[in-house]
Structures are given as C-alpha cells and as structure tokens.
Protein chains: 2
Amino acid sequence: MSDTPIQDRPRGGRLPRSARRAQLFDAALEVFVANGYHAAAMDDIAERAGVSKPVLYQHFPGKLELYLALLDTSCDQVIESVRAALASTEDNKERVRATMDVFFSYVNDSQAAFRLVFESDVMNEPAVRSRVDRVTSETASAVAEVIAEDTGLAPVASELLATSLVGMGQVAARSWLDNGSALTKDEAVALVSGLSWRGIRGFPRTDDPS
Amino acid sequence: MSDTPIQDRPRGGRLPRSARRAQLFDAALEVFVANGYHAAAMDDIAERAGVSKPVLYQHFPGKLELYLALLDTSCDQVIESVRAALASTEDNKERVRATMDVFFSYVNDSQAAFRLVFESDVMNEPAVRSRVDRVTSETASAVAEVIAEDTGLAPVASELLATSLVGMGQVAARSWLDNGSALTKDEAVALVSGLSWRGIRGFPRTDDPS
DNA sequence: CTGCACGCCGATGCGCACGTCCACGGTGGT
DNA sequence: ACCACCGTGGACGTGCGCATCGGCGTGCAG
C-alpha cells in the first residue's frame with residue numbers, strides 16, 4: 001500500500017505518477033493555450049501527451065479541474081512575482097520598473113500561460129472568474145498599499161490608480177508581444193515604466209502647474 | 001426592396017420586420033452579456049425576445065453572425081467615440097481627459113455592450129479576434145499619432161505608449177465599475193487622466209527636472 | 001360565408017465532445 | 001516457462017445545443 005518506490009524511468013509506456021502528471025500538465029497547457037478552453041478537446045490533450053483519455057481522467061476528475069490547476073499555477077506565479085518585485089527595493093521608481101518588468105517577462109518567457117490569465121474564455125464560470133480577478137485585485141492591492149503610504153491618497157483612489165497601472169502593464173506587455181517585439185524587452189519596459197513613474201510620481205498634489 | 005414603411009405596432013404576435021430585428025438585437029445583447037457567448041443559448045435569446053427559434057434564424061443565419069453584428073456595433077461606437085474625443089480639442093491635457101472619459105462613460109452607460117468587447121469569450125474565433133483587436137489598435141493608433149507628433153518619438157514607441165494608455169483606460173474603467181463606483185465617474189476620470197497626463201506630458205525629455 | 005395564403009410555433013435531427021467500459025499486452029513473481 | 005495483475009487503448013453512451021420541418025391560427029379576398 002506504500003507508494004511504489006519506483007525511481008527508474010520505464011521510458012515510453014510507464015512513468016511514475018508525478019512525471020506522468022507533469023507531462024499531462026504540459027500537454028494540457030499547450031492545447032488550452034492554442035485553442036482556448038472550449039475548443040480544446042480532452043482527446044487532443046490526451047493525444048498530445050501520448051496517452052489515452054482514461055489516464056487523463058485518473059489524474060484529474062474533469063476538464064474544468066485540469067484547467068483550474070493550470071490557472072492556479074499561473075495566477076500564483078504572477079502574484080508572487082509582483083510581490084517580489086515590490087519587495088525587491090525601497091526606491092519607488094525602481095519598484096515601478098521591476099513591477100512592469102514582471103508583466104513583460106511573464107508574457108515573454110511563458111508565451112503559453114499568460115493567455116489563460118489574460119484571455120480566458122471561461123469567465124462565466126465563477127471558479128475561473130474568481131481566480132482571474134484575484135490576479136488583478138491582489139497585485140493592485142499590493143501596489144495600492146505602497147501608493148497609499150507614499151501619497152496619502154484615500155484607499156479607493158489608491159486602488160483605482162494601482163489597478164490602472166497594473167492594467168497598463170498587462171495590456172502593454174501583450175501588445176508588445178503581439179507586435180513581434182519590435183522593441184527589446186528592456187526598451188519597452190523602460191518606456192512603459194517611465195510613463196507609469198512620471199504619472200504616479202508627484203501624485204499627492206492633484207493639480208500641477210500647467 | 002424598399003423598406004416596408006410600416007409604422008404601426010401590431011403588438012404581441014406580429015411585428016414589422018425591422019422592429020422585430022431590433023427586438024432580437026436587444027434580447028441577444030442581454031443574453032450574450034449575461035452569460036457570455038458559449039453559455040448563451042439561441043433558445044434563451046428567442047425566449048427572451050418572446051418569439052420562437054425559427055424566426056430568429058429568419059433574421060440571422062447563425063449564432064456567430066448575430067454575435068458579430070452586435071460586436072461590430074459596439075466596436076464602431078467605441079472607436080468613433082475615441083476619435084471624437086481626440087478631435088474635440090487641441091489641448092492635449094483635455095484630450096487625455098476626454099479620451100479616458102470615453103471609456104468610463106461607455107462602461108457606465110452601456111453596462112451591457114462593453115463586455116462583448118473587453119471580456120469576449122470567443123477570442124479563438126478569428127472573426128471576433130479581429131474585431132476586438134481592431135478596437136485597441138485603432139484607438140491606440142489614433143492616440144499614437146498625436147503622441148508622435150508632439151513628442152517626436154519613434155512610431156513603435158508611440159504605439160506602445162498609446163496602447164498602454166488605452167489599456168489603462170479600459171482596465172481602470174472596468175475596475176471602477178466592478179467596485180460599485182465608489183467614486184463618481186468624474187472623480188475617477190480625473191484620477192486616471194491625471195495619472196496619464198502626468199505620465200505622457202513631458203515625454204520628449206526622458207528625464208525631467210525633479 | 002368560405003376558401004386561401006401567410007407567418008409563427010412545438011417537436012425533431014444531427015453532430016460533437018465529455019466522461020466511462022471491454023479486450024489486450026507487457027511485467028514480475030514463482 | 002507459466003500465471004496473475006495492472007495499466008493501456010479503442011470503442012461506446014449520454015447530454016446538450018445549433019439548426020430545421022409539419023401543424024395551426026389569423027386576416028383577407030371573392
């Protein structure tokens with residue numbers, strides 16, 4: 001009844017439980033990203049992974065759960081990266097740059113997963129909606145905390161501004177990628193974080209000369 | 001081929017062609033917005049409009065075409081509004097404010113239609129993807145033109161910055177609405193357009209006198 | 001008054017994709 | 001070398017939703 005302590009790789013047919021699971025994750029991610037949730041067929045995922053459907057259902061109870069597992073990974077990764085970026089320095093200008101860099105890097109590195117978070121086609125499913133919204137709301141809240149501290153703005157205002165910046169990062173990064181990365185990542189980050197920093201920089205005073 | 005100049009409203013069962021069509025549009029919009037494309041059933045739309053399915057298919061060849069018709073209306077409306085906002089003044093600060101106001105007003109006024117454009121769940125369908133992307137790309141290009149003129153930045157850079165601002169408007173407006181409009185629309189627009197304007201204002205010089 | 005034509009409705013076909021069963025082949029133990 | 005076992009794979013049932021066909025009530029002309 002103890003887990004079989006297999007440590008060899010019976011290549012091809014037999015894989016240890018966790019390796020198989022990882023492979024299924026990879027295949028599912030590819031298919032979901034390529035086709036979207038609805039167009040993605042469980043048959044395709046199984047075929048892509050080189051196994052048959054029953055094994056897929058031995059690892060995941062259903063299509064939605066599989067999707068949610070992938071989604072959770074991506075969401076947590078983004079949130080954690082933003083948290084790390086905010087904590088990486090005390091210089092707010094650098095904070096902005098690092099945070100923007102998170103979005104560009106994420107979009108750039110995992111061309112795959114970001115579509116699950118930013119272009120999901122299952123928003124009507126509350127479980128998915130909840131996860132996706134959490135990304136924006138959590139990251140925005142983390143940013144808002146810094147903003148509120150440094151500007152003294154009301155929480156609602158800070159949240160709105162933080163959401164604006166986060167949204168800007170998301171959209172800008174995706175747009176940059178879609179345009180074939182005509183600019184290098186660093187150039188793009190410099191531009192967008194410059195825009196953000198100038199915008200947020202002197203905010204305590206709501207009206208500025210000219 | 002001339003439109004039937006019917007102007008009476010034979011209420012209940014019989015309606016003139018164009019009135020019926022309008023009613024179907026309304027019903028379809030409600031259902032698509034409430035449930036998303038995939039979860040929306042043609043049966044629901046027909047029932048919502050108080051007619052049966054065959055009549056629906058007498059007006060539209062299929063589900064997708066119906067959706068596209070609604071989507072086109074919304075997309076054109078947004079693009080046109082942004083164009084109008086940019087042309088409404090020569091003062092760039094006011095331009096930014098007016099443009100941001102477009103997104104907030106659109107989200108606020110037609111709580112219905114904006115979800116089709118900003119939260120569509122049919123992105124895998126090229127016809128839809130094309131329409132939705134056109135909104136961001138057209139509006140961003142219009143903004144980018146102004147930016148490039150006034151800052152002398154390269155087209156790629158202007159496009160990226162413009163897309164950033166447009167994306168900020170989209171996300172901020174939706175977030176504002178989701179948060180139950182804790183701020184008035186004008187307050188929110190002031191905050192976000194302030195953020196944008198400060199950011200874009202002195203862009204030609206990459207570093208600003210402190 | 002009666003026959004006709006028109007347009008709407010309930011009921012149906014069809015295809016697709018999720019989620020499960022029966023027969024097979026390889027593996028390890030004796 | 002034989003046998004028991006477990007995981008695999010192809011084939012299947014089922015439910016759902018898009019898209020379409022025969023009956024019917026209504027209004028009009030003769």
Side-chain angles (χ1 to χ4, degrees), chain A residues 1-24 27-28 30-32 34-70 121-122 124-125 127-128, chain B residues 3-4 6 8-24 27-28 30-32 34-70 121-122 124-125 127-128:
Chain A
M1 310 325 159
S2 60
D3 287 351
T4 47
I6 302 173
Q7 47 186 350
D8 58 349
R9 281 265 303 275
R11 230 193 35 164
R14 309 299 168 85
L15 267 73
R17 214 68 178 172
S18 66
R20 182 72 86 192
R21 189 180 163 90
Q23 170 142 5
L24 291 176
E30 285 183 46
V31 174
F32 277 135
N35 304 339
Y37 179 82
H38 296 287
M42 290 300 258
D43 306 85
D44 297 348
I45 297 174
E47 192 182 5
R48 193 79 179 76
V51 300
S52 74
K53 249 189 304 183
V55 297
L56 191 53
Y57 281 92
Q58 284 164 9
H59 284 266
F60 304 97
K63 188 183 182 181
L64 185 62
E65 286 78 6
L66 174 54
Y67 186 80
L68 287 178
L70 290 168
D121 57 340
V122 220
N124 22 50
E125 187 65 37
V128 173
Chain B
D3 287 350
T4 46
I6 302 173
D8 58 346
R9 280 265 305 274
R11 146 213 97 151
R14 311 298 166 87
L15 266 74
R17 213 69 178 173
S18 67
R20 182 72 85 192
R21 187 180 165 91
Q23 169 140 7
L24 291 176
E30 284 184 48
V31 174
F32 278 135
N35 303 340
Y37 180 81
H38 296 287
M42 290 299 259
D43 305 84
D44 297 349
I45 297 174
E47 193 183 5
R48 193 80 179 77
V51 299
S52 75
K53 250 189 303 183
V55 296
L56 190 54
Y57 282 92
Q58 284 164 10
H59 284 264
F60 303 97
K63 188 182 183 182
L64 185 61
E65 286 79 5
L66 175 54
Y67 186 81
L68 287 177
L70 291 168
D121 57 341
V122 220
N124 21 48
E125 187 64 37
V128 173

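Here is the naming used below: chain letters follow the sequence lines, and residue numbers restart at 1 for every chain.
Rounded to an integer number of Å, the gap from OH of Y57(B) to C1' of dG10(C) is 16 Å. Between the CG atom of N124(A) and the C1' atom of dG17(D) there is a distance of 15 Å, given to the nearest Å. If you take CD1 of I45(B) and P of dA19(D), they are 11 Å apart, rounded to a whole angstrom. Computed from coordinates, the M42(B) CE to dA11(C) P distance equals 20 Å when rounded to whole Å. Between the CZ atom of F32(A) and the C1' atom of dC18(C) there is a distance of 12 Å, rounded to whole Å. In this structure, the CZ atom of F60(A) is 13 Å from the P atom of dG19(C), given to the nearest Å. Between E47(A) atom CD and dG10(D) atom P there is a gap of 10 Å when expressed in whole angstrom units. Residue H38(B) contributes atom NE2, which lies 13 Å from atom P of dC18(C) at whole-angstrom precision.
The number of heavy atoms from other shown groups lying within 6.0 Å of CD (E65(B)) is above 12. More than 12 heavy atoms of other residues, nucleotides or ligands shown are found within 6.0 angstrom of CD on Q58(A).
The side chain of V55(B) lies closest to dC9(C) when the candidates are dC9(C), dT8(D), dT20(D). Comparing dC18(C), dT8(D), dC8(C) by their closest approach to the side chain of K63(A) singles out dC18(C). Closest to the V51(A) side chain, of the nucleotides dG9(D), dA19(D), dT20(C), is dG9(D). You'll find that the side chain of D43(A) is closest to dA17(C), out of dC9(C), dT20(C), dA17(C). Side-chain proximity of K53(A) to the nucleotides dC18(C), dG19(C), dA19(D) is greatest for dG19(C).
Residue A40(B) is in sugar-phosphate contact alone, with no base atom involved, counting any heavy-atom pair closer than 4.0 Å across all strands shown. If you check every strand for non-hydrogen atoms under 4.0 Å, A39(A) touches nothing.
Checking P61(A) against P54(B), the closest nucleotide of DNA chain C that is more toward the 5' end is the one next to P54(B).
When all heavy atoms of K63(A) and H38(A) are compared, the pair lying nearest together is NZ-O, 3.7 Å.
Side-chain contact between L66(B) and F32(B) is present, with heavy atoms from C-beta onward closer than 4.5 Å.
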For L24(A) and R21(A): C-alpha separation, side-chain torsions, deciding distance, then whether side-chain contact (heavy atoms from CB on, under 4.5 Å) applies.
CA-CA 5 Å; L24(A) 291 176; R21(A) 189 180 163 90; 5.6 Å; no

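Contact annotation: Q58(B) reaches the phosphate of dC8(C) (side-chain N/O to OP1 or OP2, under 4.0 Å).
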